[in-house]
Amino acid sequence: MKPNIKDLSFSELTSFLAQRKLPAYRARQIHQWLFQKRARQFADMTNLSRDLREELAASFSISGLTVLKRAEARDGTVKFLFGLGDGQSIESVLIPEAKRLTLCISTQVGCASGCAFCATARRVFKRNLTASEIVDQIIEASRERVNGARITNIVVMGMGEPLANYANTLRAIEIIVDGSWGLGIAPRRVTLSSVGLIPQIEQLMSETNVSLAISLHAATEELRGRLMPVNRKYSLTQLLDCCRNLPLPRRKRITFEYVLLRGVNDSVADATALCRALRGVPSKVNVIPFNPHPESEFERPSDEAVKRFQQVLFDH
């Protein structure tokens, strides 16, 4: 198969053109066709010469994702099952809200993190996604957007651990946020979620301006170690120290995701411990009642337990 031209970085595409004594501005035009006009074939790129279009077609493909399934909930949330070129599949979720339309995207086929409550952890890790496969989730979901609305926010927290696929995730982010030839979504509207790979978190925050979310789910070492194997390599203490030391701009906060599991981490004592643990970190907490699935031993907490947990956070 020919390589997918969407996987070439801007500099790689510029180099390809330079070898053929073609001007660098052609790279911007090609990327605009790919990511802004969403061209499906080189013949559509009408401001390029016929010779260049033919050479591009001979050297590269423009591949995309296939929508295998589209499921819509009563609240308008849409889940996509996308097929990849090698027969694997991934999921993306489009979430409509009053003032924004958020797409949650995947970075891996399966996941190797092994979090105890996560449905994706039941799938064997197969491979990392390429940068184009990450970005194409946005392009394909845009074709099927809700009521014609434009996708305004991207959350990199679908299947997989984004920072375990660092190079491809970073290249995808570059395409997503670039306003001159990429998708042009502002960095403040892009959030990346990690289980807590500390070296990569530090690198990400030094190389991008995206927002950071941390999958926390417990406020003690013992419980987080039970729920999340990553805690054995990068402890809760190390992770929160890392978060305290990140050079965040004023008014910017880290989001901490906390899935509430009945009788496991949903008590008032758990909420109090969470507030204590997050002291000194500019933070907000995304409280998520567990969504049961057949292969899980965990249960959703009662609405009363959720409200009690939230109230402790509000009080602090």
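Fair warning: this is a prediction, and the values are worked out from it, not measured in the lab.
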- Do E257 side-chain atoms and A213 backbone N/O form a donor-acceptor pair below 3.5 Å? no

- Message: Is there a side-chain contact between N4 and F60 in this structure, where contact means two heavy atoms from C-beta onward sitting under 4.5 Å apart?
- Response: no

- Message: If you define the side chain from C-beta out and look only at heavy atoms, does anything of C275 sit under 4.5 Å from L313?
- Response: yes

- Does the distance from a Lys or Arg side-chain N to an Asp or Glu carboxylate O, for K99 and E97, drop under 4.0 Å? no

- Query: Is there side-chain contact between C242 and Y234, with heavy atoms separated by less than 4.5 Å?
  - Reply: no

- Query: Would you call K126 and D86 a salt bridge, using N to O less than 4.0 angstrom?
  - Reply: no

- Work out which heavy atom in S211 is nearest to a heavy atom in R188; give both atom names and the distance. OG-O, 3.8 Å

- Message: Count I, L, V, M, F, W, Y as connected when their side-chain heavy atoms are under 4.5 Å apart, and connections chain through other members. Are I95 and I151 then in the same cluster?
- Response: no

- Message: Using only atom types and a distance under 3.5 Å, with no angle test, would you say the side chain of N265 pairs donor to acceptor with the backbone of H217?
- Response: yes

- Query: Taking NZ, NE, NH1 and NH2 as the nitrogens, is one of them in R308 or E304 under 4.0 Å from a carboxylate oxygen of the other?
  - Reply: no

- Task: Work out which heavy atom in G110 is nearest to a heavy atom in T120; give both atom names and the distance.
- Result: C-CG2, 3.9 Å

- Query: Distance only, no hydrogens: is a donor on one side chain within 3.5 Å (strictly under) of an acceptor on the other, for S194 and Q200?
  - Reply: no

